[in-house]
Structure formats: structure tokens, C-alpha cells
Amino acid sequence: MKQTDSTTENLLRTLPEPLLGWYRENARDLPWRHTEDPYRIWVSEIMLQQTRVAAVLGYYARFLAVFPTVEALAETDEELLMKLWEGLGYYSRARNLQKAAREITALGGFPDTYDGLLALPGIGDYTASAIAAAAFGRREPAVDGNVLRVMTRLTDCHDDISDPKTKRAVRAALAEVMPEEPADIRIFNQAMMELGATVCGPNTAPRCDDCPVSGLCLGRQRGTAETLPVKKTKKERRVEEKTVLLLKRDGKIALRKRPKTGLLAGLWEFPNVEGTLDETAAGAAVEAMGLSVIDWQSRLTAKHIFTHVEWHMTGYALTVRGDGPAELEWVDAAGLAARSVPSAFARYYEEAKRELEMK
DNA sequence: TAAGCGTGGCA
DNA sequence: TTGCCAAGCTT
């Protein structure tokens, strides 16, 4: 993507009109497209980072029902905030959302410029541009994975899209041709992403017959579209073995809070130890916590795959006596439901819920 | 610059 | 089943 390439620039000049026409006829009806409220647009943009629309819809409705304003979000407690994000992933997004809400409240209102938005925690180049354009009508191109895919195919660009230089070049090229009318500016980024999400998608052949700009597309013309974009391969995941303990005592189950930093920071988990322990070793680990084992119920294995690490878990459900370490929180069914336990523990969460409901 | 940070859907 | 990877940001 060379900004100085006049062929590319001429090609892109003819992009906005058919794109916007197509968008006005074919856009999906999504809740954040019915508002110009920066708060609602912001929340949607954060939730949508690296996350599919279908996964976001339910969370978005619940989140706004509980936090209808930036002030409500600024004032909430962490436990409720994380509960509303439970299962959505990338939990630092939720914490940054609240930090930013407090900054916005202190400022007396939303920043309405790219630079002002970029200064808020959790808002990077893409999100600052997306909000500036959709909420404030500013001419800021938002370049996400969809836009990079559409643009590299359109211009037959084989640069590595994981290189920030490529993103900067795409942004600069779009800045040259972005429309001027406020009504068009507000939907231009959405239209680019909509094309990437519904017509010119990843992991699949582009549906060029349905594309409003297939006539301009160099990737289609040259037959390279399906091989684009070019992306550097990522490194392998490591595997971690864990033994998860479902400790039951007096109709309650033990939870503990994860460390404030790192993976699943600050979320709740079932106590666990490194390595795959057999019953004898697991029993010894429980005794070492100052608890006495009364009874064994079940052994449950599970696997959870994160982006950069894979957990292989062996779990034991057992009845115990004693207090154990102070970090353990003994909860009933309501206590479990009120806490945010990540999906990585889903199999154990279900088992714990079942046992608490049986009592 | 590279690595850490979740989850679930789909080919 | 396995691998890819989605409306990215932070450090």
C-alpha cells in the first residue's frame, strides 16, 4: 500500500460512493448503529475488539441495562463489572472501561477528538478513530482486521498486515478518500468493516458476486484475493498441566481470587495446583492446605485453549473438613453465581453448581 | 518489536 | 479433530 501510488489512489477515489450505497441497502441491523451517543458507541467498540458480533449482542444489552450512563459505569463495584463481562474474554477491557469512565466523568464529558479519545485507557488507534467518526463525525479512518483484509485485496497488496507500517499506510490511503459529508463520515468506517465481515471475509473465498466494488478490485482481477492478506505466522502455544480441586464443605465450595495481574487477572477460580496429580498426590496437596479429606466423588478432565497457552486439567471433587488457607472463599450456589469465573473452568463450574444445588 | 491477553465458531 | 482467528490494546 504505497500512498504515492497514483493507480491505487485513483482506484480508492472511486470506492466510497458504491460502498456507501451498498451499505445503506445491506447493512445488518445492529444496536450500536441506532445511536450517536458516544457512550453506547464506545462500549460497543470495546466489546467488539477481537470478538465476534454474535458473541457481543447479549453482553451489550445486559451491560447497558445495568450501566445506562458513563456515570453509572464509573461508580460500580468491580465484582458486578466483572460478572457482566464473565465469558467475554480479554478482561482488562472491562477494567480499562471503568478507568476511562472515571476519567471521562472527571473531564466533565467525552473527548470528541481522535487525540482526546486515544488518551483514554483501552482506546488505541482503531477505537479512537471509530468513535471519533461514528459519534462525532470526524474524518478519521478506522483500520481493523476487516479493513486490512478488504484493502489488501482491493489493491493487491502483499505487505505483512501484522506490521504496523502496513496499517499506517492503509490509514493514510483511506484518509485521502474518506468522504466529507458528516452523514457519510459517520458510516464510512462501518461500511468498510461490514464489507469485510459479510462479503470479503476471512478463511473463505470472497463472495465477489455480491461485492459493490468488485469492478475496482485488483485482487479479483489478478486472482490473488484468496491468498490475501499476508500475515506473519504466530508462535506455538505452550501446554500447562493443572490439577483442579472442587473442595466441598458444609454445602459450600471453595473459590479463590486469581492474582491482580496476568492471565484471567482478578477473576475467581477453583483452587488448583501445578501438574497432573493422581489421587494420592492430590490428597496430599489438600492435606497440605490444612484440610482433611472425608470422601472422594469424581475425577473430571478438561482442556482449555487460550491464544498463547493451553491448559490440560485434571479435577477432583472431594468433601473436606477444616478451614484451609484464608484465601479460600466458601460459597453457596448464590455466592458462586455472583462471582465471575472464566470459561476456562466451565466444566468444573457446572459440576460445582450441580453439587451445590443437590446440597 | 514481540509477546501477553479469552473465547467460541467454523472450515 | 485441529487450526485459524474476530470490530486490538498494552507493555
Side-chain angles (χ1 to χ4, degrees), chain A residues 27-28 30-33 41-60 82 85-97 99-100 117-131 133-134 140-150 160-168 171 187-198 200-205 226 229 231-240 258-267 269 302-311 340-347 349:
Chain A
R28 291 168 294 175
L30 301 173
W32 43 87
R33 290 179 175 170
I41 290 171
W42 171 50
V43 170
S44 78
E45 290 298 345
I46 301 298
M47 285 190 172
L48 286 162
Q49 287 170 1
Q50 298 288 287
T51 310
R52 296 174 185 287
V53 167
V56 165
L57 289 171
Y59 286 89
Y60 185 69
M82 298 317 291
W85 210 269
E86 180 184 49
L88 196 55
Y90 287 141
Y91 298 93
S92 65
R93 291 183 295 173
R95 297 179 201 288
N96 283 333
L97 208 49
K99 268 190 218 162
L117 290 160
L118 188 63
L120 295 169
I123 295 186
D125 174 68
Y126 161 77
T127 306
S129 303
I131 298 172
E140 303 286 356
V143 180
D144 73 333
N146 287 308
V147 175
L148 285 169
R149 185 171 55 256
V150 168
D160 174 10
I161 61 163
S162 55
D163 186 338
K165 282 200 298 288
T166 305
K167 198 164 98 171
R168 281 196 294 273
R171 191 176 199 283
I187 61 170
F188 179 77
N189 292 328
Q190 289 286 317
M192 287 291 287
M193 293 188 285
E194 187 75 357
L195 191 63
T198 64
C200 197
N203 296 328
T204 171
E226 290 189 44
K231 190 187 281 191
K232 187 172 32 187
T233 59
K234 45 189 117 172
K235 73 170 217 175
E236 270 182 49
R237 277 191 293 270
R238 66 178 183 277
V239 173
E240 291 181 3
R258 290 179 59 80
K260 287 191 196 317
T261 58
L263 186 62
L264 305 173
L267 301 188
E269 67 177 359
K303 180 164 79 168
H304 188 81
I305 301 173
F306 299 92
T307 306
H308 61 295
V309 60
E310 191 170 323
W311 282 359
S340 186
V341 180
S343 302
F345 295 99
R347 182 147 189 201
Y349 185 92

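Labels below follow one simple rule: chain letters A, B, ... track the order of the sequence lines, proteins then strands, and each chain is numbered from 1. Only heavy atoms go into these numbers, but all of them, side chains included; no hydrogens, no water, no symmetry mates.
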Exercise. In whole angstroms, how far is the C1' atom of B:dA2 from the CD atom of A:E236?
Worked result: 17 Å
Exercise. Under 3.5 Å, is there a donor-acceptor pair linking the side chains of A:Q190 and A:R33?
Worked result: yes
Seminar exercise, completed: Under a 4.0 Å heavy-atom criterion, the protein footprint on nucleotides 6-11 of chain B, written with B, S and -, is BBB---
Exercise. Do NZ/NE/NH1/NH2 and the carboxylate oxygens of A:R28 and A:E194 come within less than 4.0 Å?
Worked result: yes
For this session: Let me know the distance between NZ of A:K165 and C1' of B:dA2, rounded to the nearest Å.
Result: 14 Å
Exercise. When we call it a touch if two heavy atoms are under 4.0 Å apart, what does A:V147 touch: a base, just sugar-phosphate, or nothing?
Worked result: nothing
Exercise. Can you check whether A:K235 has a side-chain N or O nearer than 4.0 Å to OP1 or OP2 of B:dG4?
Worked result: yes
Exercise. Got a donor-acceptor contact below 3.5 angstrom from the A:E226 side chain to the A:A205 backbone?
Worked result: no
Exercise. Roughly how many Å is it from CG in A:L148 to P in C:dC5, rounded to a whole number?
Worked result: 13 Å
Problem set entry | Between C1' of C:dC5 and CZ of A:R149, the distance in whole Å | 10 Å
Seminar exercise, completed: Separation between CZ (A:R149) and NZ (A:K231), nearest 0.5 Å, reads 8.5 Å
For this session: Would you kindly give the NZ-to-C1' distance between A:K232 and C:dC4, to the nearest whole Å?
Result: 17 Å
Seminar exercise, completed: Here the distance between atom C1' of C:dG8 and atom CG of A:L118, to the nearest Å, is 12 Å
For this session: Could you tell me the separation between the CG atom of A:L117 and the P atom of C:dG8, rounded to a whole number of Å?
Result: 17 Å
Exercise. Within the structure shown, what part of the strands sits under 4.0 Å from A:R258 by heavy-atom distance: base, sugar-phosphate, or nothing?
Worked result: nothing
Problem set entry | A:P229 backbone acceptor or donor facing A:D160 side chain under 3.5 Å | no
Exercise. Should A:K231 be listed as having a side-chain N or O under 4.0 Å from OP1 or OP2 of C:dC4?
Worked result: no
Exercise. Going by distance alone, is a donor N or O of one side chain under 3.5 Å from an acceptor N or O of the other, for A:E45 and A:Y126?
Worked result: yes
Problem set entry | Distance, P atom - from B:dG6 to C:dT11, rounded to whole angstrom | 14 Å
Exercise. Looking for any heavy atom pair under 4.0 Å, which part of the strands does A:W85 touch: base, sugar-phosphate only, or nothing?
Worked result: nothing
Problem set entry | Contact residues, residues 121-131 of chain A to DNA chain C [heavy atom, < 4.0 Å] | A:P121, A:G122, A:I123, A:G124, A:D125, A:Y126, A:T127
Exercise. Judged by modelled atom types alone, do A:T307 and A:R237 share a side-chain donor-acceptor pair under 3.5 Å?
Worked result: no
Exercise. Under the side chain to side chain donor-acceptor pair (under 3.5 Å) test, which residues partner A:W311, sequence neighbours left out?
Worked result: A:E240
Problem set entry | Whole angstrom value for the distance that separates C1' of C:dG8 from CG of A:L120 | 16 Å
Problem set entry | Separation of A:L48 CG from A:L57 CG (nearest 0.5 Å) | 8.5 Å
